[in-house]
Structure formats: structure tokens, C-alpha cells
Number of protein chains: 2
Amino acid sequence: MQRKKAPKEALRWDDVRLFLALCRARTVGEAGRTLGVDSSTVSRRLNALEEALATTLFDRNHEGLSATKAAEDLRPVAEETEEAMLRFARAADGLEREVSGLVRIACPPDVANVVVTPLLRELFTRHPALRVEIAPGEAVIDLTRREADLALRTVRPAQGDLVVTRLTSVRWVLVAAVELAQGLGTLRAWDDAPWVSWGARLSMVGAAKWLEAHAKVEPVLRSDSLMVQIAAASAGVGVTLVPEPSAAHYGLVPVRLAPSLRAAAASWPTDELFLVTQRALRGVPRVAAVWDLLRERAAGRTAR
Amino acid sequence: MQRKKAPKEALRWDDVRLFLALCRARTVGEAGRTLGVDSSTVSRRLNALEEALATTLFDRNHEGLSATKAAEDLRPVAEETEEAMLRFARAADGLEREVSGLVRIACPPDVANVVVTPLLRELFTRHPALRVEIAPGEAVIDLTRREADLALRTVRPAQGDLVVTRLTSVRWVLVAAVELAQGLGTLRAWDDAPWVSWGARLSMVGAAKWLEAHAKVEPVLRSDSLMVQIAAASAGVGVTLVPEPSAAHYGLVPVRLAPSLRAAAASWPTDELFLVTQRALRGVPRVAAVWDLLRERAAGRTAR
DNA sequence: GTGTAGCGTTGCACTAATGCAACGTAAGAA
DNA sequence: TTCTTACGTTGCATTAGTGCAACGCTACAC
């Protein structure tokens, strides 16, 4: 007597699909074909289902299948289930294809140029109906006012019903145009070089604070725009602190430092780059498409 | 660029169950607990589902899950699906527990005694609420008139909306009571022994036809009841042809035959035993219980 | 700071599910 | 009869799915 001890097996939802296919097919093989599996699999799963329900659903003989009364009683309920399942699939498909329309991205200008712009080609290849608007600016755009769908920020936002993910962290480096860096050689004192730095309005920026704290130099140029600083540095106006990826992107090279300066350089700021959107927008396909691509392509391990 | 080539993956119905559990849980682990699987499994299957739907359903961070707009749109449809699935499970459960009531079995008397009766103890152990009525008789009971739920027959019924399965095949053997068999020794001619055989009414029975064709003997006793024949043989009245299992059951032993008789003996009839019921009754649990036990216990390989 | 706890994810060994091919049975054709 | 065909089932090698344990990340307590 080798009876089963555990009829505790939960009903697997896929078994209802199997059951329906069997109701509609005249043979096990035919049911398997509609399900895309082998007839042996159908046979075994039917046996398991019957054991789980402690009922015989179909009689099998050399002519194929014949439904028992139990199966015929169950069939209408199973078909309701299938209709609901089809509605679900249709709803899911409906969501899926809406990757079109305009996505507005707010981000710092350098991030726009260095991070976002290089990804646009791939984004449009993936989703031809997608359109993008980049709103660059140092100021913090208020997402809750719907000025943008997506924001890239260097500070983690706290308030609001927002979804936040950290993309990467970037170190800042002291760079200059190639000729100036060569002309300077190894920097022995901070004021041995002309500096380009931040204006009064954004003096709370990490780089500005570092300059204030560690290298009390008087910049030859101040600007609240990082892009202006980069342009000035590129023109050989002076040295400046910029995020490493931006330096590489614009052909600025690191300035060599004498050992005496390296301790202070160790506390150069580190930016973290956060991707932010409103919770309600997170699942909207056109937004999700950009979100996912940024996570996939722009995310990096923490630089320690 | 290792993108997926095949988003052709069909939606598995169980994934909707997973999706619902995730909607209701605040964490992956909680969803896994309600589903009875590990959190790692939930994590992987969610990733697969999102890839299949090409949609992000949940954002995951250190606090757990948060549903995206897509997930919230899908949730009501998924819950309808679940309700239908629960109705199915309830219907299946309802069927399952009805193994009780009376099952009427029509069969030849020897089959009743030899095959059915020995199984009753196990049947009642399995299904204590079950009751059985055995209607023994040589005549063919008409199942379509609902005189019986189940029939055991030696001829395959052709007409009607019946379900038929062959249980086993049995050879007939020439037997006698122990003392008579010893007294006879090896039989050299058919009429060296007194015969017990069928009456006129059932002369079409295989054994009667054989006797007519091969051994033109005049029986000392005729009866249309196999049970009477067996009783007579047991009392030492004569030799008779009976199905092999019945002979063993009633302590009758084979009569030894001289080589000259063996050729004719080779064409002793072979009965097949068929289990029959109406299609509509096949799935009724109390009937299915008996059907299944008979198939399981009484079915044998073909005796060739 | 530094540790701790909770979350989702990943590596790996293992189990269950699957496909393929061979089998046993039954009905009809030659 | 024998052969053929179609059916469901079973054995076995392979694959996909799973659980456990370790990991990385984040927040919070200290």
C-alpha cells in the first residue's frame, strides 16, 4: 500500500491552464501542442493534478481522452479563470507598448553633456517614439511641480513621495588644459596656479567649500556655472576642480601635485549622483524606459 | 549590448499569483513566505516577469518594495483572476469530498465472490462512508436504465455512452474436486469423466460452445448458474470448465489431460473482464473510488 | 565615526520538471 | 491472422527551478 501521505500540495495556477487545454483537446498530444510542451509532460502533470484533487478528470484509452463528470463540472469555472487571465495579459500588454511621448529630464549641465547625451542614441534606438527634453541648470528643479519627469541630482532628496536610486559616485579632480598643466609641472603650493572657481551664489558647493577650507587662494575667475569653469579651464585660464568624468570628457588633464599637497587633496569632494522621480511616474513606460537605461548604463560601483 | 532576443516567453499563470503576493507584501521575503518559497526565488521570478512584460512592476530598495503605477494598474485585474482561481479550487474541493453513498455493482456471481468481495475491506478502509450493493447475475444488466452504477462484464459493450476499461483476461480450466481429480488420474478421453456444464438458456457461453464443438459429451448436470456448477464440482459431481481464479478460490484442482486431448484443450475459452459505467457516472467520486480500486488491484497483464 | 539589523540579490549545490525515445496497448487495414 | 497506426505511459539524460548561505547596500542606534 504505497498511498500518498501528503495531499497538502497547493494547487498550481498553471494546472488550470493544463486542465483547460485537456478539456479542449481530444488527445494528450494535442493538448501538449497547444501548451508548447511534450505529451509526456502533459500526461505526468495530469496524473499529478488528479492526485492533488483526489479526482479522476479524464479517462484515457487508445482513442484519446474523455472527460469525466468532474471535469465537465469544473470546466466552466476554469474558463472564467482563463478569461480573467486573458484580461490580465491584455492589460499587461497595453502597458507595455506605451513607450512614447516626451520625457523631461532635469540635471546639472555637465551631467547632461557627459552622462545623458551619450546615451540618447541608444535610447532612441530602443524606443523610436520617445522624445526627450533636457532642462539643465544648477538650481534644484521641483519635481513635485511637474517641471520635469526625471531628475539627476547630486544630493539625495528627502521630502515628497519620490523614488530615488543612486546611480554612481564620482570623485572631483584638479585639472587644467593640457598646455597649462605641462607649464605648471608639479604644483608645490595651491597659489602657484591661477584658479577658476565658484561664485558667491553657489559657495556651498563641495568644491567651493574645499577651496575655502584648504587652499585659501583668490580665483582669477569665478562663475556659478560649471560649464563656464570648464570652458575657461579648456581655454587655459586656470586650474579648477571638476568631476572626473567631465574632465575626461572635455580633454582636461589632472594637475600633478607635490606630496605636501596630497593630504589636502584627499578631501576633495565626492559627488553622488541620484536618479529621482515621483512615485506615480516611476511605472509610466516612457519614464521607466529612461530610468532603466540610466541605471543600466550609468550605474557604477562606489568609488572608494 | 546583451539584450534579450526572445521576449516570446509565454506568461505563466503562476506569475500572476506571485504578482499578487508581491502587491500585498511589503517585502520580498514576506511575499515568499505567503507563497511558501524562498525570497531569492521571488526575487528571480519577479525579475523574469518584469522582463517578460517589459515593464518595471516594483522598485526595490533597502526598505522593501514599492509598487509602480504599472503594478497598481494591473492589480485589480489580477485580483479578479485570483477570485476565479479560488472559485475553481472551491469547486474542485467540493467534488473531492463526496466519496460516500451507495455504489451498485452488477457482475457475474463468481466475479463477485472472487474479485469484488476480497477488495471490499480495503475499499471501506479508504472510504468509510461508502456503501456497496452487489447485484450478481448471469444476465446482462442494462446500465443505461440505472439499475447499477458499475458493471463487470466478460463482453465489451458496444452501444450507449459508456466508459469501458479492460481489467484482465482469465483462462478457463478444466477442474474437479480434489478426490475426483485423484480418482480420474490422467484423462484419456473426454467422456471418461462426468461433466457439469451449462443449460440450454446460456448455451452461447464460451465453455458451452467449446464443449459442443470439441467434446461431445452428455453432462450429468446442466445449470445456467456457474455457481451451481462450482458447487456441484466441489461436491465431486463431475468435472467442469471454470475461470482459473474461481477454481483456485473454491479449491478445485485441474484435471490432468493425456497428450491427445491437449490440442483441443488449447482452445478453451479466454474471458476478458471489462469494467463499465456510464460516462456521466465515471467522474462521480463514489463511483470513481470503486473504479480506481478495481483498476489498481484487479488489473493484470494479459495472459497469453 | 562603528556596529547592527533588515532589505534584495547572487553563487552554488541540489531537486524537480522536462524532452526524447522506446514501450505497451488497442483498433483497424491488408 | 499480421501489420500498421495512433494513443498514453515510462526510463533516462538534460535542463530549469529552487533553497541555503554569503554578500552588498542602506538606515539607524550607539
Side-chain angles (χ1 to χ4, degrees), chain A residues 6 9-10 12 14-15 17-18 21-22 25-33 35-52 56-67 156-158 163-169 267 272 274 295 299-304, chain B residues 6 9-10 12 14-15 17-18 21-22 25-33 35-52 56-67 156 158 163-169 267 272-275 295-296 299-304:
Chain A
E9 275 301 325
R12 293 188 313 183
D14 269 321
D15 286 338
R17 188 160 171 249
L18 176 88
L22 283 163
R26 281 285 140 226
T27 72
V28 169
E30 190 182 334
R33 232 162 292 124
L35 294 173
V37 298
D38 194 77
S39 68
S40 61
T41 300
V42 174
S43 172
R44 279 183 286 240
R45 280 175 48 183
L46 173 57
N47 284 328
L49 177 60
E50 288 183 333
E51 185 157 347
T56 306
L57 295 171
F58 298 93
D59 286 307
R60 287 82 104 183
N61 54 35
H62 66 96
E63 323 183 283
L65 297 166
S66 73
R156 176 186 286 271
V163 187
V164 182
T165 187
R166 192 174 65 83
L167 280 186
T168 182
S169 73
S267 61
E272 305 206 292
F274 297 98
R295 285 224 44 155
R301 299 293 89 190
T302 303
R304 175 57 50 88
Chain B
E9 275 304 326
R12 293 187 313 183
D14 270 320
D15 286 339
R17 187 160 171 248
L18 175 88
L22 283 163
R26 281 289 139 224
T27 72
V28 169
E30 190 182 337
R33 234 163 290 124
L35 293 173
V37 298
D38 194 78
S39 67
S40 61
T41 299
V42 175
S43 171
R44 280 183 286 240
R45 281 175 49 182
L46 173 56
N47 284 329
L49 177 61
E50 288 184 332
E51 186 158 344
T56 306
L57 295 171
F58 298 91
D59 285 307
R60 287 82 103 183
N61 54 37
H62 68 96
E63 323 183 282
L65 297 167
S66 73
R156 176 186 287 271
V163 188
V164 182
T165 187
R166 192 174 67 82
L167 280 184
T168 182
S169 73
S267 60
E272 305 206 291
L273 196 57
F274 297 99
L275 184 58
R295 284 221 46 155
E296 193 179 321
R301 299 295 91 190
T302 303
R304 174 56 50 90

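Residue numbers begin at 1 in each chain, while the letters A, B, ... track the order of the sequences.
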Side chain B:Glu50, main chain B:Thr56, donor-acceptor under 3.5 Å: no

Ignoring hydrogens and geometry, is there a side-chain-to-backbone donor-acceptor pair from B:Glu30 to B:Leu22 under 3.5 Å? no

Could you check how far [atom1] of [X] sits from [atom2] of [N], rounded to whole Å?
{"X": "A:Asp15", "N": "C:dT18", "atom1": "CG", "atom2": "C1'", "answer": "15 Å"}
{"X": "A:Leu65", "N": "D:dA6", "atom1": "CG", "atom2": "P", "answer": "17 Å"}
{"X": "A:Asp14", "N": "D:dG17", "atom1": "CG", "atom2": "P", "answer": "11 Å"}
{"X": "B:Arg12", "N": "C:dT18", "atom1": "CZ", "atom2": "C1'", "answer": "13 Å"}
{"X": "A:Glu30", "N": "D:dA6", "atom1": "CD", "atom2": "C1'", "answer": "13 Å"}
{"X": "A:Phe58", "N": "D:dC7", "atom1": "CZ", "atom2": "P", "answer": "16 Å"}
{"X": "B:Leu57", "N": "C:dG8", "atom1": "CG", "atom2": "P", "answer": "15 Å"}
{"X": "B:Arg26", "N": "C:dG8", "atom1": "CZ", "atom2": "P", "answer": "11 Å"}

Contact class for B:Thr27 vs. all strands (heavy atom < 4.0 Å): base, sugar-phosphate, or nothing? sugar-phosphate

Indicate, with a heavy-atom threshold strictly under 4.0 Å, whether B:Gly32 touches base, sugar-phosphate, or nothing. nothing

Among C:dG8, D:dC20, C:dG19, the one nearest A:Asp38 by side-chain distance: C:dG19

Calculate, to the nearest 0.5 Å, the distance between atoms CZ and CG belonging to A:Arg295 and A:Leu167 respectively. 7.0 Å

Could you grab the distance from atom CZ of B:Arg166 to atom CG of B:Leu273, nearest 0.5 Å is fine? 9.5 Å

Output yes when at least one side-chain N/O atom of B:Arg60 is less than 4.0 Å from OP1 or OP2 of C:dT9, else no. yes

Is there a side-chain contact between A:Thr41 and the phosphate of C:dG19, meaning an N or O under 4.0 Å from OP1 or OP2? yes

Closest heavy-atom pair and its distance - A:Ala31, A:Ala21: CB-O, 3.8 Å

Ignoring hydrogens and angles, are the base of D:dC20 and the side chain of B:Ser40 linked by a donor-acceptor pair under 3.5 Å? yes

Mind listing the residues from residues 42-50 of chain A sitting with a heavy atom below 4.0 Å of DNA chain D? Number order is fine. A:Ser43, A:Arg44

Under the side-chain contact (heavy atoms from CB on, under 4.5 Å) test against B:Phe58, which residue among B:Leu65, B:Leu49, B:Val28 passes? B:Leu65

Only pairs under 3.5 Å count here: list side-chain donor-acceptor contacts from residues 36-47 of chain A, not counting sequence neighbours, and write none if there are none.
from	atom 1	to	atom 2	distance (Å)
A:Asp38	OD2	A:Ser40	N	2.9
A:Asp38	OD2	A:Ser40	OG	2.7
A:Ser40	OG	A:Arg44	NH2	3.3
A:Asn47	OD1	A:Arg60	NH2	2.5
A:Asn47	ND2	A:Ser43	O	3.3

For nucleotides 27-30 of chain D, give me every protein contact, N/O to N/O, under 3.5 Å, one pair per line with atom names.
none

Evaluation steps, side-chain contact (heavy atoms from CB on, under 4.5 Å), between B:Leu275 and B:Val164: CA-CA 6 Å; B:Leu275 184 58; B:Val164 182; over 6 Å; no

